[in-house]
Amino acid sequence: MASSISGMFPGQQPPGAHPVVGAGGPGQPGFPSGVPRPQGNNTLVDELEASFEACFASLVSQDYVNGTDQEEIRTGVDQCIQKFLDVARQTECFFLQKRLQLSVQKPEQVVKEDVSELRNELQRKEMLVQKHLTKLHQWQQVLEDVSIQHRKPSDLPPPGPLAFLEQASANLPPAPLKPN
């Protein structure tokens, strides 16, 4: 299994990988790093890291900050970003190849991962459904409350002949008691 992940760790070169030309690429300032990079045995991860550092360095470099030729700056930044994207694609390809090898060698492992992903997705969707049901019940209650408050006068029971007097007398203070 250790030979199947060759090229990803120090001291191993992935098949078909291209060596890194300095941290910032040709004609580009490198990223100030405390750890010097060996030029001979770079791995795909080292290349990805170096190209990311070169992208970052090209954005904060004093040459670019003080530069006046915008086209030169844009070209340099575009080259760094393109290099980073190329190495990222190579890294993605590496992991896809390893995934393919795993699916051929251990298909049951792939099925287990798929089942696990489906269970997680199902659980997430169940939680989402519960959240929406809770909100639905809340809005139904709000609508019910509003419909009760705005009930038409024809929906209310007709008042009796003494309803006005009953309501008015309910608001009066209690009568004082007569002393005996």
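Just the heavy atoms: all of them, side chains too, but no hydrogens, waters or symmetry mates, feed the values below.
- Side-chain contact between Pro107 and Val111 is absent, with no heavy-atom pair separated by less than 4.5 Å.
- Follow the hydrophobic side-chain contacts under 4.5 Å out from Leu136 and you reach Val129 in the same cluster.
- A distance of 10.0 Å separates CG of Leu128 from CG of Leu133, quoted to the nearest 0.5 Å.
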What verdict does the side chain to side chain contact (heavy atoms under 4.5 Å, CB included) test give for Glu113 and Arg99, after you've listed the backbone C-alpha separation in whole Å, the side-chain angles of each residue and the deciding distance to 0.1 Å? CA-CA 12 Å; Glu113 290 175 6; Arg99 177 78 174 166; 2.3 Å; yes
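- Note: Phe95 CZ to Leu102 CG = 13.0 Å, rounded to the nearest 0.5 Å.
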Working for side chain to side chain contact (heavy atoms under 4.5 Å, CB included), residues His137 and Gln140: CA-CA 5 Å; His137 291 303; Gln140 284 175 337; 3.5 Å; yes
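- In this structure, Glu53 CD and Phe84 CZ are separated by 11.0 Å, a value rounded to the nearest 0.5 Å.
- Between the OG atom of Ser103 and the CD atom of Gln109 there is a distance of 11.5 Å, given to the nearest 0.5 Å.
- Considering CZ of Arg74 and CG of Asp78, their distance stands at 7.5 Å, rounded to 0.5 Å.
- A distance-only check finds a donor-acceptor pair linking the side chain of Thr75 to the backbone of Glu71 [under 3.5 Å].
- Hydrophobic clustering of Ile, Leu, Val, Met, Phe, Trp and Tyr side chains at less than 4.5 Å, counting indirect connections, unites Leu85 with Val77.
- Classification of Asp86 and Lys83 as a salt-bridged pair fails, no side-chain N sitting under 4.0 Å from a carboxylate O.
- Of the charged side-chain nitrogens involved, at least one lies within less than 4.0 Å of a carboxylate oxygen, so that Glu121 and Lys125 count as a salt-bridged pair.
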One pair to check against side-chain hydrogen bond (donor to acceptor under 3.5 Å, both in side chains): Gln149 and Asp145. What are the steps and the verdict? CA-CA 6 Å; Gln149 290 176 358; Asp145 293 345; over 6 Å; no
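- Lys131 has no carboxylate O lying under 4.0 Å from a charged side-chain N of Glu126, or vice versa, which leaves the two without a salt bridge.
- From Gln82, atom CD reaches atom SG of Cys80 across 11.0 Å, with rounding to the nearest 0.5 Å.
- Cluster membership for Trp139 and Val146, using ILVMFWY side-chain heavy atoms within less than 4.5 angstrom, is shared.
- Considering every non-hydrogen atom in both Val87 and Leu44, the closest pair reads CG1-O, 4.0 Å.
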